[in-house]
Amino acid sequence: MYEFVIKNGSVIDGTGSAAYKADVAIADGKIAKIGHIPERAAHTVIDAEGRAVTPGFIDIHRHGDMAAFRDNFGELELSQGLTTVINGNCGMSAAPVDKGNKGLLNYLRPVIGDILPYVSTDTMAGYFSSLGSIALPLNCGMLVGCGVVWSRVLSGEHPTEDETKTFRKILERELASGAMGVSLGLGYAPECFLTTRELISGLEPLRNTDIPITFHMRQEGDGVCDAIREVIGIGEALHAHVHVSHLKAMGKRNWNSRIPEGLELIRSARERGLNIACDVYPYTAGSTQLMHILPPEFIEGGTAATIERLKGKANRDRLRDRMEKGSEGFDNIAGMVGWENIIMSTLNTPANKRFEGMTVQDIAKARGTDPIDCVCDMLIEENCAITMIDFITCEEDIARILNCGFASVISDSIYPASGSPHPRLYGTYARIIQRFVGERRDMTLEAAVKAMTYTPAKALNIADRGLLKEGLCADVNVFDPAEVKERGSYADPDKCAAGMDYVFVNGKPAIAAGKLAKAASGQVIIR
């Protein structure tokens, strides 16, 4: 007897092939059979007439390292069909983090939240042990954040030979503990200061392997194509598996031109034999730390050093000059999109809470100052722990990436300790179905499902998920595409998506008949 049989559904198996009518049987946490299955062969029969039956969605780029330990973890993820998430992205992972490094903890806080005292973070093995000790509602894996590893070993802006050797040893240890791969945050300190040669040297343990190296690139605006060339160069130098995170072209002057060129660069590298792909989120706005708008020389040395620089009038004048003249050597987000398109989404001090959700332009006006002084003053007041939502790209470029054939859908969701999150935290996968399949008709449902299941599984070598195939893990969604809705917005993001009738995680219903089942059948995913 099968535990469950999903009858009469439209099976979309994750390969991109056309949907077909079939029944799906689940037993012992696996997909036991796909085909015609008699009702009498199951303990529980689910009638999926008029509904799609798909693999569970996989988000390979999330920042839920600490959110996984929160009491309500899983609710907003499962509601949009997510059954597997991979954290530790953009060079920022909760392990291996020394809890005594207060500067690093403050730097990570706006992205992954507070490092919880009862979670072991000194090594990835310790983190996995903590994660495995709780009831997980969905599957969770991790990448090693190279930024936090470099933070442990660097004594200056560039590594010594001994520091590079120590970095490699830590990387090898954490990968041996089961991390899915490594992530780099080349737009963030300290990795933004490293040369391409230094990056290649540090990543030497991944030479001639299929272990994924994911890149938040140095630039995602004017210099995005040069940044793609750097990733390709690193991949080809190491004969390694590389992946471009959250591909985009920031700034209106770059729309509809940089992405076609960048995609062609990636296609050409793939034709030469490089294992390279990319991912994209379906929003025209991103979200990260506000201090990411600063040039690299302003964030050198950590939070305390940044704050000291921002206090001086001469430095502010220099900052103003840098932002007005262009973006040489960094993504000048403010210059590319304008202060009116940058929202301060998380503020922590009582005096500044009233400005949460307002643009920098409007906050500066309310405080009676100019945007540069406003940003500098508030970064000082908030100890740099401010997140922003910045409107940076266009839907046409998003659609181009979605349809390139090698792009995964991701959310890039951050879990700040307070404040208002980006709506992608709650609605990314519903938005793909509602907006890009239903409203814009940029892609078929079959293509969208592939980009949310098999493509991301392949990108991170997750071999037992991402397809509806006999013998694979039974992560399964059942839904009517017309009923899948993103309910949140930028102004009111804290709303779970709607439309999932059933979500199975390892063969157990996490959502049943549209209601959360409070199941705990998730697993720690290790390489």
When the aromatic ring centroids of [X] and [Y] are compared, is their separation below 6.0 Å?
X      : Y      : answer
His216 : His61  : no
Tyr283 : His422 : yes
Phe193 : His158 : no

Report the distance from atom [atom1] of [X] to atom [atom2] of [Y], rounding to the nearest 0.5 Å.
X      : Y      : atom1 : atom2 : value
Ile60  : Lys458 : CD1   : NZ    : 12.5 Å
Cys496 : Leu425 : SG    : CG    : 9.0 Å
Phe391 : Ile333 : CZ    : CD1   : 13.5 Å

Check the pair Asp122, Arg152 against salt bridge (Lys or Arg N to Asp or Glu O under 4.0 Å), reporting the backbone distance first and the verdict last. CA-CA 11 Å; Asp122 196 56; Arg152 294 189 74 141; 3.0 Å; yes

[Y]/[X] salt bridge by N-O under 4.0 Å criterion:
X      : Y      : answer
Arg487 : Asp494 : no
Arg367 : Glu381 : yes
Arg322 : Glu297 : yes
Asp210 : Arg527 : no
Glu204 : Arg168 : no

Should the ring pair Tyr107 and Tyr188 be called parallel, tilted or perpendicular, given that the plane angle runs from 0 to 90° and is split at 30 and 60? perpendicular

Strictly by modelled atom types, are Asp279 and Ser408 linked by a side-chain donor-acceptor pair under 3.5 Å? no

What I want to check is whether the side chains of Asn89 and Asp412 have a donor and an acceptor closer together than 3.5 Å. no

Please lay out, stage by stage, how Arg109 and Asp114 fare under the test salt bridge (Lys or Arg N to Asp or Glu O under 4.0 Å). CA-CA 5 Å; Arg109 187 175 188 267; Asp114 290 315; 2.6 Å; yes

Is the NZ atom of Lys169 crowded by more than 12 outside heavy atoms at less than 6.0 Å? no

Assess whether atom CZ of Arg354 is packed by more than 12 heavy atoms of other residues, nucleotides or ligands within 6.0 Å. no

Could you walk me through whether Thr387 and Thr346 pass side chain to side chain donor-acceptor pair (under 3.5 Å), step by step? CA-CA 5 Å; Thr387 57; Thr346 299; 2.6 Å; yes

